[in-house]
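First up is the structure itself, then whatever we jot down about it.
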Number of protein chains: 2
Amino acid sequence: MEGPHGMTARPLPEPTVARLPIYLRIAEEHLRHGSTTLSSEDLARDAGVNAAKVRKDLSLLGSLGTRGTGYDAASLIDALDALLGMARDWPVVIVGIGNLGRALINARGFFTGAYRLVGLVDADPAVIGEELGGRRVGTFAQVAAELESAPAIGVITTPASAAQEAANELVALGARSLLNFAPRVLEVPEGVQVRYVDLSMELQILSYHATRTDAQSAGLLATVGVEAQALDAVDWAEGGK
Amino acid sequence: MEGPHGMTARPLPEPTVARLPIYLRIAEEHLRHGSTTLSSEDLARDAGVNAAKVRKDLSLLGSLGTRGTGYDAASLIDALDALLGMARDWPVVIVGIGNLGRALINARGFFTGAYRLVGLVDADPAVIGEELGGRRVGTFAQVAAELESAPAIGVITTPASAAQEAANELVALGARSLLNFAPRVLEVPEGVQVRYVDLSMELQILSYHATRTDAQSAGLLATVGVEAQALDAVDWAEGGK
DNA sequence: CCGTGTGAAATCCTTCACAGCA
DNA sequence: TGCTGTGAAGGATTTCACACGG
């Protein structure tokens, strides 16, 4: 059904999965700019990766390209859309309506396309009742009562101390994917996916590298031949022990 | 100076670097809760990784532990603080004062410790002049004039269309590390670090996995023995061709 | 002739298993 | 005895190099 030749596909390597959304974005951009085909070299340049990697990645989805020509932008978009589930409907609940939660609600591109905001949860009585993005903020119980179906994705933007409880409630509501912005590793049942976005961690990783390159530029440069690499986000988790 | 035995250290593996902030957070928490030592097993449980991985990671920083006992929380924190540059001062400029930018300015834990907000840039005249987080929003020229020194880190929260220009300006100001929230791969000079946080990409990766596990649970479960893994963020980039 | 698709090689990371020290 | 530190094994991903097809 979803494999290269209709057979049961083995799971894609996680680094490949993380690059697919980038390829999708680039293909959409190329199409908007009028080019109907693009080569692995084009994709590689825009994504900041090796061309061989692009070909290997895309070949895992099937034979999408044409030898001597490249990839048809529209076909590539279709294939990636299908694989990333962009044709489906993904109801999203956000827990923690602070600054970050509000930013996500209002962010362009966050609730476009397949992802649909269906619930806003907060514990603070001062926030409950407020209307944002066409939804009224409620407690878990209130939101659960108003949901038509289980949310597919739960977004956690609470303080760290409330994150595990938020995860528990979201899983109880039926969410099987969590996007956690709180600086806490979550315990979730097997089969529940968790992705972590930790802003202070990002700063620390940057300052680690900055410390190192400073020290090196004082000596001799040691980072020779380092290819510009765009995105290899592999921070994911599958629940269970 | 920074190697295990005072010798020139080879660079740490990138996945290891991405885990160090987590170990740091866990050690701080343990210390706050009164335990002065913690084992690799403790760290592994809280971080959601394998204990062997913890030991391998930490052994790369030197011999921090004591056989038969574990790691001294305070010493571990010191070592990680030093390595991640937490003793230094990291001036940060934010470009793009929309919802996300404001969320970062107000977020607890984002501008605590080593990271210090020194400038806010936006192109919108309606936003320029506004005061947030103790800083007045200005154009690049205005902010540049008020800076005491070059910013170490630039945070980009502009729309995608403005991200490359923001990166150029930040590099011109002297920033050597960029944290980019815009869905765009940036071109930067060699030696400039870029990390990407792309929220819509996170959702797409989640929906990819959700699609797959749904299809599998209809058949037979194939994800057996998958260890819970916390964070392997490896999305980083070094400029240059 | 050009660019994809792909075995094979090389590299990187993780996990194992245990020696060694407190 | 208990837990770290680490060589070696194992697994996964990246890169190479080129056969193949349009």
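No hydrogens, no waters, no symmetry mates; every other heavy atom, side chains included, goes into these values.
- At least one side-chain nitrogen or oxygen of K53(A) sits closer than 4.0 Å to the OP1 or OP2 atom of dT15(D).
- Between S40(B) and dT4(D), a side-chain N or O to OP1/OP2 separation shorter than 4.0 Å is present.
- Side-chain atoms of T157(A) come within 3.5 Å of backbone N or O of V95(A) as a donor-acceptor pair.
- dA22(C) atom C1' lies 16 Å from atom CG of L64(B), rounded to whole Å.
- Under the 4.5 Å side-chain criterion, counting only non-hydrogen atoms from C-beta, L24(A) is not in contact with L20(A).
- Residues that satisfy the side-chain hydrogen bond (donor to acceptor under 3.5 Å, both in side chains) test with T16(A), not counting sequence neighbours, are D57(A).
- Taking atom CZ of R45(A) as the reference point, atom P of dG3(C) lies 11 Å away to the nearest angstrom.
- Computed from coordinates, the L12(A) CG to dT13(D) C1' distance equals 13 Å when rounded to whole Å.
- Without hydrogens or angle criteria, S207(A) side chain to L84(B) main chain gives a donor-acceptor distance under 3.5 Å.
- Pairs engaging residues 70-82 of chain B under the side-chain hydrogen bond (donor to acceptor under 3.5 Å, both in side chains) rule: D72(B)-S75(B) [sequence neighbours left out].
- At least one donor-acceptor pair under 3.5 Å links the side chain of S35(A) to the backbone N or O of H30(A).
- Between V188(A) and the choices N180(A), N168(A), L178(A), the side chain to side chain contact (heavy atoms under 4.5 Å, CB included) rule is met once, by L178(A).
- For the pair D57(A) CG and dG5(C) P, the interatomic distance rounds to 12 Å; values are reported in whole Å.
- Rounded to a whole Å, the CD atom of E41(B) is 14 Å from the P atom of dG2(D).
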N/O-N/O pairs, protein side and nucleotides 16-22 of chain D side, under 3.5 Å:
from: dA17(D); atom 1: N6; to: R55(A); atom 2: NH2; distance (Å): 3.4
from: dC20(D); atom 1: O2; to: R67(A); atom 2: NH1; distance (Å): 2.7

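- At the phosphate of dA22(C), neither OP1 nor OP2 sits under 4.0 Å from any side-chain N or O atom of Y71(B).
- Rounded to whole angstrom, the span from the CG atom of L20(A) across to the C1' atom of dT13(D) amounts to 15 Å.
- Rounded to a whole Å, the CG atom of L43(A) is 13 Å from the C1' atom of dG3(C).
- As rounded to whole Å, 12 Å separates atom P of dT4(C) from atom OH of Y23(A).
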